Novice: 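A single structure is presented below for examination.
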Protein chains: 2
Amino acid sequence: MIFTTKAEYGVRLMVELGRQSGARTATSLKVIAESEALPLAYLERIVALLKKAGLVESTRGAHGGYRLSRSPEEITMDDVILALEGSVAPMNCFVDDTDGSSRVLCSHEADAGQGCATKLLWMRVQGGVMEKLQQTTLAELVAFSHRENTPPPTERENLTHA
Amino acid sequence: MIFTTKAEYGVRLMVELGRQSGARTATSLKVIAESEALPLAYLERIVALLKKAGLVESTRGAHGGYRLSRSPEEITMDDVILALEGSVAPMNCFVDDTDGSSRVLCSHEADAGQGCATKLLWMRVQGGVMEKLQQTTLAELVAFSHRENTPPPTERENLTHA
DNA sequence: TTCAATCCTACCAACGGGGTCGGAGATGAA
DNA sequence: TTCATCTCCGACCCCGTTGGTAGGATTGAA
Ligand code: FES
Ligand code: FES
């Protein structure tokens, strides 16, 4: 399993916020939790990561909630995933324990001038993942998840009922 | 963390076998375990996965050991990783519990005809990983880790003894 | 027959993931 | 002013998986 549910829930949350990015009013976590059937208390901890990364803004108090700090088109998924997972590392020698970033701490490199056999592979894989993440914007995911939201106006009834 | 140490150790093991793919005699796990400083008993379980996948062959008994069943150039890393990890799934909704393969069991798809918001993202990421794995051959990794092994034929004696 | 190897199963400790709880500040509405 | 909602924050807990060990059975060369 590459990603944890933090990433899954966090992406879902972002998509939900992306849907409402036009709205004036912030969206409360409670609404999102119910609409996506996710545990509220857990979501609170997840959205904190997104906030720390500057991807969402919050207003406290009654009628408060969260909204995107940029438009969905300007948010690439590598920012989102990095904020949620800390790093996208194929192996633990890729994650810097101090700050959680993705520096390569290959312990086998210094040995006898030998190249670490696996490093080449992991680097490529990580590159492949990061590439795909950078190429994907939140706006795309929002569009992809359009249900009865902006449907091709025909055959609405196929969706609502069989 | 995308991959477990199974993948790490397994790849190291394959590289080590790849180095000796010219040799007549099979290589024992003990030798590999010592040269790579990996726990022997654990390696036994790992190599079993590789054997089940048909990537290595074994001869039992004294002076037995393992050798590659194909040449390193013909072995792509997706086979290796798949054999070791079972599947490369970005999320558990991608792994079929019955056989461990990588079918997509998206539980959010049927809902009201809505596309699962995250599916698009995970599919792309998985595609990126698989692509990189397929593009990388064992031979490349062996070459990358070339130390004094297939050295410009001088100074052989450095290896056999100091 | 002895030794060195593969093979196989069961067992175990530790860690991280996934989640809950309780409470402490904001803040608008009644 | 009070109250209902929110965001925020830390501690806590359960449990599956990972990483690894132990012990043996089987095979085959010397
Ligand atoms: S030890 Fe992991 S890349 Fe070298
Ligand atoms: S539930 Fe995971 S892809 Fe839809």
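The sequence lines fix the lettering, A, B, ..., with proteins before strands; numbering per chain opens at 1. Small disclaimer: the values here were computed from a predicted structure and weren't measured.
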Novice: Between D/dT17 and B/Lys6, is there an OP1 or OP2 to side-chain N/O distance shorter than 4.0 Å?
Specialist: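 So the side-chain polar atoms of B/Lys6 never come under 4.0 Å of the phosphate oxygens OP1 or OP2 of D/dT17.
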Novice: Does B/Ser58 have a side-chain nitrogen or oxygen under 4.0 Å from the phosphate oxygens OP1 or OP2 of C/dC7?
Specialist: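 For C/dC7, OP1 or OP2 has a side-chain N or O of B/Ser58 closer than 4.0 Å.
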Novice: Under a plain distance cut-off of 3.5 Å, with no hydrogens placed, do A/Glu16 and A/Thr27 share a side-chain donor-acceptor pair?
Specialist: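 Their side chains do not contain a donor-acceptor pair, so the 3.5 Å distance test is not met.
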Novice: Rounded to the nearest Å, what distance is computed from the CD1 atom of residue B/Ile46 to the C1' atom of nucleotide C/dC7?
Specialist: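 My rounded result for the distance is 15 Å.
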Novice: Send over the distance from B/Phe3 CZ to D/dT18 C1', rounded to a whole Å.
Specialist: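 The answer, rounded to whole Å, is 16 Å.
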Novice: With a 4.0 Å limit, can you tell me whether A/Tyr42 has a side-chain N or O closer than that to the phosphate oxygens OP1/OP2 of C/dG17?
Specialist: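 The answer is no; no side-chain N or O of A/Tyr42 sits under 4.0 Å from OP1 or OP2.
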Novice: Send over the distance from A/Leu43 CG to D/dC6 P, rounded to a whole Å.
Specialist: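 It is 14 Å, rounded to the nearest whole Å.
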Novice: Given side chains that start at C-beta, do those of B/Val95 and A/Met1 come closer than 4.5 Å, heavy atoms only?
Specialist: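 Yes, close enough: below the 4.5 Å cut-off.
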Novice: Could you state the atom-to-atom distance from CG of B/Leu50 to P of C/dC7 in whole Å?
Specialist: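 Atom CG in B/Leu50 sits about 12 Å away from atom P in C/dC7.
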Novice: Between D/dG19 and B/Thr5, is there an OP1 or OP2 to side-chain N/O distance shorter than 4.0 Å?
Specialist: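 Answer is yes, contact under 4.0 Å.
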Novice: Once hydrogens and angles are ignored, does a donor-acceptor distance under 3.5 Å link the base of C/dT27 to the side chain of A/Arg60?
Specialist: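 Donor-acceptor pair under 3.5 Å: no.
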Novice: Could you please name the option among D/dG28, C/dC7, D/dC9 that lies closest to any side-chain atom of A/Glu44?
Specialist: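 Between D/dG28, C/dC7, D/dC9, the one nearest the side chain of A/Glu44 would be D/dC9.
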Novice: When the distance from CE of B/Met1 to P of C/dG17 is rounded to whole Å, what number comes out?
Specialist: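 It works out to 7 Å between those atoms.
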Novice: Does B/Lys52 reach a base, just sugar-phosphate, or nothing at all? Heavy atoms under 4.0 Å.
Specialist: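 The residue B/Lys52 makes no contact with any strand.
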Novice: Find which nucleotide of DNA chain C each of B/Lys30 and B/Asn92 is nearest to by heavy atoms, and output the residue with the more 5' nucleotide.
Specialist: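 Final value for this comparison: B/Lys30.
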Novice: Between B/Leu13 and B/Val31, is there shared hydrophobic-cluster membership here, with clusters defined by ILVMFWY side-chain heavy atoms closer than 4.5 Å?
Specialist: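 No, no single cluster joins them.
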Novice: May I ask you to test the A/Leu141-B/Thr118 pair for a side-chain heavy-atom distance under 4.5 Å?
Specialist: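 Sidechains of B/Thr118 and A/Leu141: no contact.
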Novice: Between B/Leu29 (CG) and C/dT6 (P), how many Å, whole number?
Specialist: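 Checked: the CG to P distance equals 4 Å.
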Novice: For A/Glu8 and C/dG17, what is the distance between atoms CD and P respectively, to the nearest whole Å?
Specialist: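 Going from A/Glu8 (CD) to C/dG17 (P), I get 15 Å.
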Novice: Would you call A/Val125 and B/Leu133 a side-chain contact if the rule is heavy atoms closer than 4.5 Å?
Specialist: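 Yes - at least one pair of side-chain heavy atoms lies under 4.5 Å apart.
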Novice: Would you please name every residue forming a ring pair (Phe, Tyr, Trp, His ring centres under 6.0 Å) with B/Phe3, sequence neighbours left out?
Specialist: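 Checked B/Phe3 against ring pair (Phe, Tyr, Trp, His ring centres under 6.0 Å); matches are A/Trp122.
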Novice: For B/Glu85 and for B/Ala41, find the nucleotide of DNA chain D with the closest heavy atom, then tell me which residue's nucleotide is more 5'.
Specialist: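 Per heavy-atom nearest nucleotide, the more 5' residue is B/Glu85.
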Novice: Rounded to whole angstroms, how far apart are CG on A/Leu40 and P on D/dT5?
Specialist: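 About 14 Å, once rounded to whole Å.
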Novice: What nucleic acid atoms does B/Tyr9 come within less than 4.0 Å of, heavy atoms only: base, sugar-phosphate, or nothing?
Specialist: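 Since only primed, P, OP1 and OP2 atoms lie under 4.0 Å of B/Tyr9, the category is sugar-phosphate.
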Novice: Does B/Lys51 have a side-chain nitrogen or oxygen under 4.0 Å from the phosphate oxygens OP1 or OP2 of C/dT6?
Specialist: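 Indeed not, no polar side-chain atom of B/Lys51 lies that close.
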Novice: Given D/dT17, is OP1 or OP2 found less than 4.0 Å from the side-chain N or O atoms of B/Thr4?
Specialist: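 Checking D/dT17 against B/Thr4, no side-chain N or O comes under 4.0 Å of OP1 or OP2.
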Novice: What I want to check is whether an N or O donor and acceptor connect the side chain of B/Arg45 with the base of D/dT21 at under 3.5 Å.
Specialist: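 Result: at least one qualifying N/O pair found.
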Novice: May I ask you to verify if any side-chain N or O of A/Tyr66 is less than 4.0 angstrom from the OP1 or OP2 atom of D/dC6?
Specialist: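 False: A/Tyr66 side-chain N/O out of range (4.0 Å or more) of D/dC6 OP1/OP2.
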